[in-house]
Structures are given as structure tokens and as C-alpha cells.
Q: 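After the C-alpha cells below, expect a handful of questions from me.
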Amino acid sequence: MNLLNGLNPEQLAAVTLPRQHALILAGAGSGKTRVLTTRIAWLIATNQMTPQQVLAVTFTNKAAKEMMARLTAMLPINVRGMWIGTFHGLCNRLLRTHYRDAGLPQLFQILDSSDQLSAIKRLLKSLNVDDEKYPPRELQHFINGQKEQGLRPSAVEAWDGYTKKRVELYEAYDAQCNKEGVVDFSELLLRSYELLSRNEALRRHYQERFRYVLVDEFQDTNVLQYKWLKLLTGEEAAMFAVGDDDQSIYAFRGADVGNMRDFEREFKVANVIRLEQNYRSHGNILDAANAIIKNNDNRLGKNLWTDAGAGEPIRIFEANSDLDEARWIVEEIKALARDGHARAEIALLYRSNAQSRVLEHALFSAGLPYRVYGGLRFFERQEIKHALAYLRLIANPDDDTSFARVVNFPTRGIGARSVEQLQDAARAAASSMFAAIRSVAGAGGTKLAGFAALIGKMKEVAHLPLPELVEHVVDLSGLREHYKADKEGQDRLANLDELINAATSFIAEEGVVGAEGELSADLIAFLAHAALEAGEHQAGEGDDALQLMTTHSAKGLEFNVVFLSGLEEGLFPHENSLVERDGLEEERRLMYVAVTRARQRLYVSHAQTRMLHGQTRYNLPSRFIAEIPAGLVKRLTPKVAKSFGVPPRLTLEQPRAAYASRSSDSGYCIGQTVRHAKFGEGVVINLDGSGSDARAQINFGAVGMKWLALSIAKLETV
DNA sequence: ATAGACATTCTTTTT
DNA sequence: GAATGTCTAT
């Protein structure tokens, strides 16, 4: 059968496995996605199952899409109706179908992480809880952590008062969500898990339906996801789990590699298939990756090999500063481009998003086109979130998070005072803020009624096709006018137009056909889409641009050339990881993932000094560099060694003249006395940045030491 | 009620 | 360096 052509023996064994539980340990670049999709295609093509009988779960929308695209290419089937998707996407589908049984309103809305955070802040405020003692972020982490283990408040073990209080808050948070008809990400999972475990008929239905359950990136599943999979697999279906323990890099958000061992044991997996032949990288790169990961103790064990040649050595570069590093990368890229490398085949990877700035700056000045992945997503931009909040209120006026977001944006004379009154009224009536509007009297009440009328007006056009509805909402809400008046609002205006486009293409791609209700089903689907797929909705997709991203988001991708920058202690491995349990091992796996992204050439660089959080840091080279065998390495020295001069380090021993030169453009110099309206007299002890970014550290004596932005702080010279 | 000035805080990774 | 929060002047 030609589907199976070109598979190696292990891949073939995995693809054609009989209907039994299986664990596939798939190393980086070993053709994991191919195995997964070919297996589905093979099972269908050989009539072992119908397309309806498969459940395939991935972590990212990208992976799900790719799977569907490949399947379409292999088989003449319509993948639209198949249960292939992310955990969250599939749970959403489940809950939309069985909303009543799940105890949810039909039009429940999904909170993304930032919505969740503001919901928590609102909760703490309404309960008068000290947010110093219970930081919202920390509480969010706590709540999600419990949910990801499948624990409702009543099931959480709390021994100390602090935890008890947090559990209480968890309970109150859940109550608030229920009242408002919203669910957060982890709730999607937990809610559908509970739905299926409590409702026997429903569980049977799905267990009988799915004969094959396939899971991608199994090493990234958390406890709840594993339980969810177990439930759906039931007694009859066979679970096919593909994963790589060496690429487990999401423990920080609850992923539990232990699931791989548990799965093997609990499902009595008879044979574990290892895919160890790598089709991606040259030998040296693979050897380096193997050497690095060998330093981890907790491994299931596996060694990648390739029959491609050794290839090029790994190039290591030490820069004086982060700026230097960026400029060096630019020079190398220019040289690569001259040799005919496509820019899109070159990736710049870094550990944390903050590091992209310097690189972007250097690329921009050099006129090299680039594309940054991650960072601010389209649906996370404030103007988009505002527009979506209006749309959500149309669907569900009880969504207080959305309500609070836009009740006074654009400003319409409803201040903090009125909102507070409204919140009190809502609490007294145990209703949503929207429902409590009528009970607020006075001027504030009139304004609020006006807002309610505005939402009402939007509802009147809700039957229109989605793109038109969005357009009306953008206009009626006053968002368009507001950003038009804002001199820096042009980008935001463009994004709002882009939202209308997004609605158009959403309808074209996955529009619900013929839905003619008072509220379009398209709207609900679109809102879910916006929350679940924050979206790679970025320009420049097709261009030949350099690829910039974090090492995390590079997982699953590959490039001919990879630059791995900022390989410094404290940065990579990240300093926070050193105090976390098994943190260093996770960092090392991340390094392993990063290295194995490269096909032909790998650069590794680090800098002696780096600006971070507005401070200069002096970092040692990362321990991971030392873990690469010397025989695989070529150390590079700058071609024009002295041309990238770094400013001299400031030390007390240096003569005053050194300071004078640094200070020239800010108008201040070190040692100068200044007066601040509030802090009084002080002495400049350090200067930093230039132009509008210039800052000064000033010692105000008894008042203390302050860093002030010179463009903002009004300083008098004395 | 609102806008703007300013300080403080918090920085890993993200479905 | 950003994003958020707080304070002050209008």
C-alpha cells in the first residue's frame, strides 16, 4: 500500500500496529507527525475504522491543522467533522453540544488567561481581600493548578490557614464564573471530564464511538488531561500515545512526564516503540544534542542517530555585549544570504521574549525582514479585546468581566464611583452587573442605562452576517471614533479593520451554515475561536523573512540554520529554574529541543554583558555550552574585533572623564546635585540610556535611592 | 469624572 | 522596559 511507502521499520511497525494500547517514543525529527497521520489514514483506508471513530488530540492548533491538512492530502475524505483538535478545542465542542448536562448556559463564554486574572482581581475586591496577602497572579496559578489535577475546592487538602483561605477563594471564584456563565481554560477540561464521568449514558456513547484514541506530544499532558483521555478511551478503544520525554518543557504549567510511565503501567503497554532515526539534522548537531541530554537523570532513554554525514561543526561565539551579539548575528545572516540561504530558513531563538528587542533592533537597522512569533497575539490586543467584549455582551450580558472592561471604554461618563455602586447593587441582588443596572439611581444610573441601551442597539443588529455585526459594533461602541481621535491609534484602527476581515475569513472557513437564530451561531463560534486560538494572525506570513521566536515556541519546527542566542547562566538556564524542583533538567530539555531544531548549521552565542530589566548584567557562559563535546565545536572570533566597542564598565576607579562622556546627551552628569519637587535635593550617582530613555539614579539621602526617567521626572539643577 | 504624571512592580516559558 | 496602579490637578 503506497501510504506506507518510505517508512522505516520502526515507523512502519507503529503505523500498522494492531488495535492495542501503544506508546511511541519519538525523538526529535524522527517523523512523529508523519507516523500519527499515516496511522489514521491507514486505519481508514484499510477499513479498520471510519473517520468518525477516531479521536486525535494535539496541544496546539497548529499541530491539529497540520494533521488535518496531511490527512486531506492522503485520503479523499472530509476532515471537518472528525474529532481532531486540541484538548481545549475538543472540550469546547463537547460542552457546546451538551451544555445542559454540563450545567452551563448555552452561550457560555471562554475566559483567556488575562480575562481570568481580571475576574480574580474583581473577586478579591468584592470580597475585600487583601491582594498583597493573596496576589491575584499567585491565586490564579493556584486555582489552575488544582483544576489541572482534577480537584474541586472540596477535594483540595488544606492544612494551614493560608491554603484554607485560598481554597475558599477558589470556591468563590468558581461561584462567580458560574453566575456569569463563563469558563476558563482549565475549566473546559475539568467540566467536560466531570460531565463524562457523571453521566453514564453520555460516557458510554462516546466510549462506544471512539475506537482509536491518538495523542500527540503526550509528554505535555497534565494529570487532568490524562484522566480525560483514560475516560474517553474506556475499555474498548486503543490509545496510541506519541511523545518524547526529552522534549517535555511544560512542567511549569502542570505537564507531568510521569504520565508516560503511568500510561505504560496502567494500560499494560506491551511494546514501546522507539523512533530513533533522525531525518532532520546532521551528525554533529545530533551528537551535541545527545551529549547534552545525557546529563539528565530522569529519562526513559533513547539515542538519536542519522545516516546523514557529520556536517558542519557547531559554531560558538562569545560577544562582548548583547548589542554586539546582535550585530554579529546580522553580519552572519548577511553572509548566509550571500551564500544563497533563504531567510525563512534561518531562525533566531532565545529563551525569553524580552531578548527579542535587541535582535529586532539590529535586524531592523540592517534592513533585514523578520517575523516575530509569540509576543502579543492578535486577539490579545487591547482594542481587539474591547471589541470582543462588546460582542460577548451581546451574547451574554451577564459576563461581568466583559462588562467591566467596556462599561466605560470609550469613556462615557461612568466613573469608578458608579461602577462601584453597580457592583454593590449586583452583589445585593445576586445578579450580574448588567441586570443590576436598573437599581442604580441618580446621574450614574442614567449613564448606565445609556450603556444598557447601547448593548440593546447592538443586539438589534446581531442577526446580520458576522462581519457586518462586527463592523456595527466597532462603530456603535465608539471604538472607531475613539481611536481615530487618538494620534497613536492608527495601528489600532487597522487592527479593528483586521478583526472584520478575520470575521469574514472565519465565516468562509468554518462558518456555521444556515444558522438563522436571533443570535447567530457564527458569533458564538467566532468568540470561542478568538479565545482558544489567540492566533498567529500576523502580517508577512508569505514573505522571505527571518524567524524569531522563543525556544518554547520553536518546538515542532525545523530550520536549515539556527542561531541560539543568549546562552548565559541565569538566562538559559534561567535563574528561576535553579530553585525549582527538577528545574535544571527541564531547562536542559529545552536546550535539547533548541539544538535539534537545526538541520545543517547551528550557531550558539553568548554575551559578557547584557541589559536586562534596565540593568547591565554580567553573565557567565551557560553550562550547556560546556556540555557540548569540544570535538564538535568551532569557536569563532570576531572578524573585526575592535570595531564593536562596548562602553567601558563603570567602576569607581575610573576617572571622572569617563562619566562626563556618558552624560553629555542627557544634560546631566554624575555627581551633579539636583532638586526634585517631592524628594528634595539629591545627587546623581548613575546615568543610563539616552534620548527619551535616559534615566538617572539619584541618591536623595534620607528619602533613599531612586531611578528616575529624565524625560518624565522634572528635575531642577541646583 | 478624567487625564496625565509618576512610582512601583515584575519580569520564563503558553494551550 | 512595559504594564499596572495610584495620586493629583483640572
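We name chains A, B, ... by the order of the sequence lines, and we start the count at 1 in each one.
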Q: Name the nucleic acid region contacted by A:Asn353, choosing base, sugar-phosphate or nothing; use a 4.0 angstrom heavy-atom cut-off, strictly under.
A: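 Sugar-phosphate contact only.
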Q: Taking 4.0 angstrom as the limit, do A:Asp112 and A:Lys385 come out as a salt bridge?
A: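 Yes, A:Asp112 and A:Lys385 are salt-bridged.
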Q: Select base, sugar-phosphate, or nothing to describe what A:Ser418 touches, counting heavy atoms under 4.0 Å on all strands.
A: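 Since only primed, P, OP1 and OP2 atoms lie under 4.0 Å of A:Ser418, the category is sugar-phosphate.
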Q: Describe the nucleic acid contact of A:Lys121 in one word from base, sugar-phosphate, nothing, applying a heavy-atom distance below 4.0 Å.
A: sugar-phosphate
Q: For A:Asp112, report the nucleic acid contact type (base, sugar-phosphate, nothing); a contact means any heavy atom under 4.0 Å.
A: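 Nothing: the residue A:Asp112, judged by heavy atoms under 4.0 Å, touches no strand.
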Q: Counting only side-chain heavy atoms from C-beta out, which of B:dT15, B:dA1, B:dT13 sits nearest to A:Ser113?
A: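 Shortest atom-to-atom distance from the side chain points to B:dT15.
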Q: On the nucleotide B:dT13, are OP1 or OP2 found under 4.0 Å from the side-chain N or O atoms that A:Thr551 carries?
A: no
Q: Is it the case that more than 12 heavy atoms not belonging to A:Gln382 sit under 6.0 Å from its CD atom?
A: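 Counting other residues, nucleotides and ligands, CD of A:Gln382 exceeds 12 neighbours.
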Q: State yes or no: are the ring centers of A:Phe572 and A:His606 separated by less than 6.0 Å?
A: no
Q: Determine the contact category for A:Glu217: base if any of its heavy atoms lies under 4.0 Å from a base atom, sugar-phosphate if only primed atoms, P, OP1 or OP2 are that close, otherwise nothing.
A: nothing
Q: Taking C-beta and beyond as the side chain, do A:Phe59 and A:Tyr250 meet within less than 4.5 Å on heavy atoms?
A: no
Q: Does any residue of residues 355-364 of chain A have a heavy atom under 4.0 Å from DNA chain B, and if so, which ones, in number order?
A: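 Result for residues 355-364 of chain A: none.
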Q: Taking atom P of B:dT13 as reference, at what distance in whole Å does atom OH of A:Tyr373 sit?
A: 18 Å
Q: First locate atom OG of A:Ser418, then atom NZ of A:Lys447, and finally report the distance between them rounded to the nearest 0.5 Å.
A: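 Nearest 0.5 Å value for the OG-NZ distance: 7.5 Å.
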Q: The side chain of A:Asn408 lies closest to which of these nucleotides: B:dT14, B:dT15, B:dT2?
A: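 Looking only at heavy atoms from C-beta outward on A:Asn408, the closest nucleotide is B:dT2.
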Q: Please give, in whole Å, the distance from B:dT11 P to A:His574 NE2?
A: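 Atom NE2 in A:His574 sits about 10 Å away from atom P in B:dT11.
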Q: Between A:Glu586 and A:Gly415, which has a closest nucleotide on DNA chain B that is more 5'?
A: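 Final value for this comparison: A:Gly415.
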Q: Rounded to whole angstroms, how far apart are CG on A:Asp131 and C1' on B:dT9?
A: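 In whole Å, B:dT9 C1' and A:Asp131 CG are 13 Å from each other.
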Q: Check the distance between B:dT14's C1' and A:Leu111's CG and give it to me in whole angstrom.
A: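 One finds 16 Å between C1' of B:dT14 and CG of A:Leu111, rounded.
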Q: Within the 4.0 Å heavy-atom criterion, would you say A:Tyr250 contacts the bases, only the backbone, or no part of the nucleic acid?
A: sugar-phosphate
Q: Using a 3.5 Å distance criterion without hydrogens, assess whether the side chain of A:Asp184 forms a donor-acceptor pair with backbone atoms of A:Leu111.
A: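 No, the answer is negative, given that no donor and acceptor are paired below the 3.5 Å cut-off.
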Q: Tell me the interatomic distance from A:Glu138, atom CD, to B:dT11, atom C1', rounded to whole angstroms.
A: 16 Å
Q: What is the separation between atom OH on A:Tyr592 and atom C1' on B:dT13, rounded to the nearest whole Å?
A: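 Distance, rounded to whole Å: 19 Å.
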Q: For A:Ser352 and for A:Glu380, find the nucleotide of DNA chain B with the closest heavy atom, then tell me which residue's nucleotide is more 5'.
A: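 Here A:Ser352 is the residue nearer the 5' end.
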Q: Does B:dT14 have OP1 or OP2 sitting under 4.0 Å from an N or O in the side chain of A:Thr550?
A: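 Yes, within the criterion.
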Q: Check for me whether A:Arg96 meets the cation-pi criterion with A:Phe108, that is, NZ or CZ under 6.0 Å from the six-membered ring centre and within 45 degrees of the ring axis.
A: yes
Q: Check the distance between B:dT15's C1' and A:Tyr226's OH and give it to me in whole angstrom.
A: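 It is 21 Å, rounded to the nearest whole Å.
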Q: Among the candidates B:dA3, B:dT15, B:dT13, find the nucleotide nearest to the side-chain atoms of A:Phe252.
A: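 That would be B:dT13.
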Q: Looking across every strand, which nucleic acid part, if any, lies under 4.0 Å from A:Leu571 by heavy atom: base, sugar-phosphate, or nothing?
A: nothing
Q: For the side chain of A:Thr60, counting heavy atoms from C-beta on, which of B:dT14, B:dT15, B:dA1 is nearest?
A: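 For A:Thr60, the side-chain atoms sit closest to B:dT15.
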Q: Calculate the interatomic distance between A:Leu117 atom CG and B:dT11 atom P; express it in whole Å.
A: 11 Å
Q: Kindly indicate whether a cation-pi arrangement holds for A:Arg589 with A:Tyr592, taking the cut-offs as under 6.0 Å to the six-membered ring centre and within 45° of the axis.
A: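 Verdict for A:Tyr592: no cation-pi partner in A:Arg589.
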